[in-house]
Trainee: 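Attaching a single structure in structure tokens format; questions to follow.
Computed from heavy atoms alone, side chains included, the values below leave out hydrogens, waters and symmetry copies. All values derive from a computational prediction rather than experimental measurement.
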Amino acid sequence: MDLPVPLLPTGWTRWPPREGLNREAQSPARATLMLLTRLVLLVVLVWGTYSRGHFTGWHAVWAGAGLVAAVASAVVFFRYTLAHRLGPGIAAAAGLLAVATTAEWGHAYLLSDMVWLGLGVIALVRLPLVYAVPTAGAAFGSYTLASWDSWLGVTSTVGGLALLGYLLRLDAEARGTAHRLLAQERAARAAEAESAALAERARIAREIHDVLAHSLSAQLVHLEAARLMLDGGASREQVRERVVAARRMAQDGLAETRQALSALRGEFTPVGEFLAGLTQREGAVLTVEGTAAPLDAETGLAVRRTAQEAFTNVRKHAPGSRVTVRLAYPEGAVELEVRNSRPPRGEASGELASAGSGYGLLGMRERAELLGGTLVAGPDEGGWRVLLRVPR
């Protein structure tokens, strides 16, 4: 059962981060150096205990048992403090203190001194400070009471090792923080890449949707006209003309789909050239104001799709009306204005006039808002006006 942590400031009750202590999170060079250091200390401890010949017979066996107990307790201490298990960690520290005290009584002075001093250092590195300070105090205090060195030597040794333990703790905390920040950065990059991929998919889907909506709506107009002509007894040549027009719209839709995919890769013709070709095919008048400026893919596509949607609405709701297109380049923005006069036969569609836009123009308005711009569509001077303004 783990021991409770007292209610003290967070800095005193917080465990050192696992990432700063875990060997797997360390660089290969650092992990190798730490392993070699421990092996060297173990060799020095064994050699120093037996080299002078003080322990023979059963005394040698008891000394060996003390060495094994010290190593086992240290392993338990390292494992459970890494897992932030306070109870087993404190028990292992108590075991190390007992081993060192027993070794001192048995005249294994090197073993007792190294266990006391080593426990003082690793307690400061691996335990919450509220428990590390008493544990290190007990270890360093026992060494001080048992040592035969001068007070200056003992003070220098204890003070230097205490400072070393605290610095190693700060280093572990810094490495743990760096490891967590690196993990967060990697997670953020992965999330950003996933978000960019989803945005790109949505962008492609929106472009294909707009192209197909424009193309299919234009085909529907011609096919509906062909149906009405058939019902009205129109000549075969007139009906054929409408069917051919619908077929041409389908071909244009496929071509525009390819152009949209190319535009997403930045491989499209300038907006001015596109509008010049579109207005020429539709019999409209194009006016360009200001100096043409290069537009990014999203902005250029917004202008293209708005113009296409505006012409589609003209064909559906005001066939035969006069259309004018104005492309302007004010400071830091681009404007597209499409106007059409009242159709020769009747008013514009009541549905379009009352709503302020068709479904296509609603999508164009959403596209403009995503780019930080605006789109206004509504009746104007007896006709219809669509105005797009987006930053560039």
Trainee: State, to 0.1 Å, how close L371 and P391 come at their nearest heavy-atom pair, and which atoms those are.
Mentor: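 Looking at all heavy atoms of both residues, the shortest contact is O-CG, 3.4 Å.
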Trainee: With rounding to the nearest 0.5 Å, note down the distance linking CG in L161 to CD1 in I122.
Mentor: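 It is 12.0 Å, given to the nearest 0.5 Å.
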Trainee: With side chains defined as the heavy atoms from C-beta onward, is the minimum distance between L278 and F311 less than 4.5 Å?
Mentor: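 Yes - at least one pair of side-chain heavy atoms lies under 4.5 Å apart.
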Trainee: Between S142 and A138, what is the shortest heavy-atom contact and its length?
Mentor: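 Where S142 meets A138 most closely, the heavy atoms are OG-O, 2.8 Å.
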Trainee: For a quick test of reading the model, state the closest non-hydrogen atom pair linking T279 to A276 and the distance between them.
Mentor: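 For T279 and A276, the tightest heavy-atom pair comes out as OG1-O, 3.1 Å.
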Trainee: Donor-acceptor pair, Q238 side chain versus S235 backbone, under 3.5 Å?
Mentor: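 Flag set: sc Q238 to bb S235 pair under 3.5 Å.
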Trainee: In the single-linkage hydrophobic clustering (I, L, V, M, F, W, Y; side-chain heavy atoms under 4.5 Å), do W116 and V75 co-cluster?
Mentor: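 In one cluster: yes.
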Trainee: With the side chain counted from C-beta on, respond yes when L327 and V334 share a heavy-atom pair under 4.5 Å apart, and no when they do not.
Mentor: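 Result yes, sub-4.5 Å side-chain heavy-atom pair found.
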Trainee: Test your reading of the model: is there a side-chain donor-acceptor pair from R326 to the backbone of T287, 3.5 Å cut-off?
Mentor: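 No; zero donor-acceptor contacts below 3.5 Å.
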Trainee: Which pair of heavy atoms, one from A226 and one from V243, lies closest together, and at what distance?
Mentor: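 Smallest heavy-atom distance, with atoms named: CB-CG2, 4.3 Å.
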Trainee: Side-chain contact, heavy-atom cut-off 4.5 Å: L127 with L86?
Mentor: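 Contact flag for L127/L86 side chains = yes.
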Trainee: Looking at every heavy atom in both L129 and P134, which two are closest together, and how far apart are they?
Mentor: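 Heavy-atom minimum between the residues: O-CD, 4.1 Å.
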Trainee: Out of curiosity, E241 CD to M229 CE, how far, rounded to the nearest 0.5 Å?
Mentor: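 With rounding to 0.5 Å, CD (E241) is 7.0 Å from CE (M229).
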Trainee: For V271, is there any backbone N or O sitting under 3.5 Å from a side-chain donor or acceptor partner on R304?
Mentor: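 Not at all, since once roles are kept as given, no pair shorter than 3.5 Å links the two residues.
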Trainee: Please examine the side chains of D171 and R175, heavy atoms only from C-beta on, and report whether any two atoms are closer than 4.5 Å.
Mentor: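 Of all side-chain heavy-atom pairs linking D171 with R175, at least one is under 4.5 Å.
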Trainee: Please check this pair: side chain of R392 against backbone of P330, looking for a donor-acceptor N/O pair closer than 3.5 Å.
Mentor: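 Yes, the answer is positive, given that a donor and an acceptor are paired below the 3.5 Å cut-off.
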Trainee: Should V323 and L388 be regarded as members of a common hydrophobic cluster, given that ILVMFWY residues are connected when their side-chain heavy atoms come within less than 4.5 Å of each other, either directly or indirectly?
Mentor: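 In one cluster: yes.
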Trainee: Can you check side-chain contact (heavy atoms from CB on, under 4.5 Å) on R227 and D231, steps first, answer last?
Mentor: CA-CA 6 Å; R227 185 186 68 82; D231 293 343; 3.0 Å; yes
Trainee: Under a 3.5 Å distance rule, please check whether S341 uses its side chain to pair with a backbone N or O of R322 as donor and acceptor.
Mentor: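 At least one qualifying donor-acceptor pair exists.
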Trainee: Do R236 and V239 come close enough that some side-chain heavy atom pair is under 4.5 Å?
Mentor: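 The answer is no, as the side chains (C-beta and beyond) never meet within the 4.5 Å cut-off.
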Trainee: Would you indicate whether the side-chain heavy atoms of L164 and L168 approach each other to under 4.5 Å?
Mentor: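 The answer is yes, as the side chains (C-beta and beyond) meet within the 4.5 Å cut-off.
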Trainee: Within the structure provided, determine whether T157 and D149 are in side-chain contact (heavy-atom separation under 4.5 Å).
Mentor: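 T157 vs D149: side chains apart.
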Trainee: Answer with yes or no whether the hydrophobic clustering places V158 together with L97; edges join I, L, V, M, F, W, Y residues whose side-chain heavy atoms lie under 4.5 Å apart.
Mentor: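 The answer is yes; both residues are in one hydrophobic cluster.
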Trainee: Are L295 and L336 connected in the hydrophobic side-chain network, where two residues link if heavy atoms are under 4.5 Å apart?
Mentor: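 Both belong to a single hydrophobic cluster.
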Trainee: Distance check, rounded to the nearest 0.5 Å: R180 atom CZ versus R18 atom CZ?
Mentor: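 Between atom CZ of R180 and atom CZ of R18 there are 11.0 Å.
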Trainee: Within a 6.0 Å radius of atom CZ on R79, are there more than 12 heavy atoms belonging to other residues, nucleotides or ligands?
Mentor: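 No.
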Trainee: Take atom CD of E335 as the centre, draw a 6.0 Å sphere, and report whether it contains more than 12 heavy atoms from other residues, nucleotides or ligands.
Mentor: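 Atom CD in E335 is packed in, count exceeds 12.
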Trainee: May I ask you to test the V133-W12 pair for a side-chain heavy-atom distance under 4.5 Å?
Mentor: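 Yes, side chains in contact.
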Trainee: Provide the closest heavy-atom pair for A92 versus S73 in the form atom of the first, atom of the second, distance.
Mentor: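 Heavy atoms of A92 and S73 come nearest at CB-O, 3.6 Å.
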Trainee: Quick one: pull up CD in E337 and CZ in R385 and give me the separation to the nearest 0.5 Å.
Mentor: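 Answer rounded to 0.5 Å: 4.5 Å.
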Trainee: Remaining members of V76's ILVMFWY cluster at a side-chain heavy-atom cut-off under 4.5 Å?
Mentor: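 V76 clusters with Y80.
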Trainee: Measuring from atom OG1 of T81 to atom OH of Y131, what distance do you get when rounded to the nearest 0.5 angstrom?
Mentor: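 Answer for the OG1-OH pair, T81 versus Y131, is 14.5 Å.
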Trainee: Return yes if some donor-acceptor pair links the side-chain N/O of R126 with the main-chain N/O of F78 below 3.5 Å, else return no.
Mentor: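 A pair under 3.5 Å: yes.
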Trainee: Whether the side chain of R389 engages the backbone of G373 through a donor-acceptor N/O pair (distance < 3.5 Å, no angle test) should be reported.
Mentor: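 Pair absent, no side-chain N/O of R389 close to backbone of G373.
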Trainee: Show, in sequence, the C-alpha distance, side-chain angles and deciding distance for Y329 and T291, and conclude whether the side-chain contact (heavy atoms from CB on, under 4.5 Å) test is met.
Mentor: CA-CA 6 Å; Y329 294 92; T291 303; 5.9 Å; no
Trainee: Nearest 0.5 Å please: distance from the CD atom of E282 over to the CD atom of Q308.
Mentor: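 Separation between the atoms: 9.5 Å.
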Trainee: Going through the distances and angles, do V390 and R367 end up as a side-chain contact (heavy atoms from CB on, under 4.5 Å)?
Mentor: CA-CA 10 Å; V390 290; R367 177 194 293 271; over 6 Å; no
Trainee: Any donor and acceptor pair, going by atom type alone, linking the side chain of H317 with main-chain N or O of T312 inside 3.5 Å?
Mentor: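 Answer holds: no.
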Trainee: According to the side-chain hydrogen bond (donor to acceptor under 3.5 Å, both in side chains) rule, which pairs have a member within residues 97-106, sequence neighbours left out?
Mentor: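 Every side-chain hydrogen bond (donor to acceptor under 3.5 Å, both in side chains) pair that includes a residue of residues 97-106, provided the two are not neighbours, is E104-S112.
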Trainee: More than 12 heavy atoms of other residues, nucleotides or ligands under 6.0 Å from CZ of R247: is that the case?
Mentor: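 Count not over threshold, so no.
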Trainee: For the hydrophobic clusters of this structure (ILVMFWY residues joined by side-chain heavy atoms under 4.5 Å, transitively), does one cluster hold both V288 and L275?
Mentor: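 Yes, V288 and L275 fall within the same hydrophobic cluster.
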Trainee: Determine, for E192 against R189, whether the closest basic-nitrogen to carboxylate-oxygen distance falls under 4.0 angstrom.
Mentor: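 Not counted as a salt bridge, because no side-chain N and carboxylate O are separated by less than 4.0 Å.
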Trainee: Going by an N to O cut-off under 4.0 Å, is there a salt bridge joining R169 and E173?
Mentor: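 Looking at E173 together with R169, the answer is yes, because their closest N to O distance falls below 4.0 Å.
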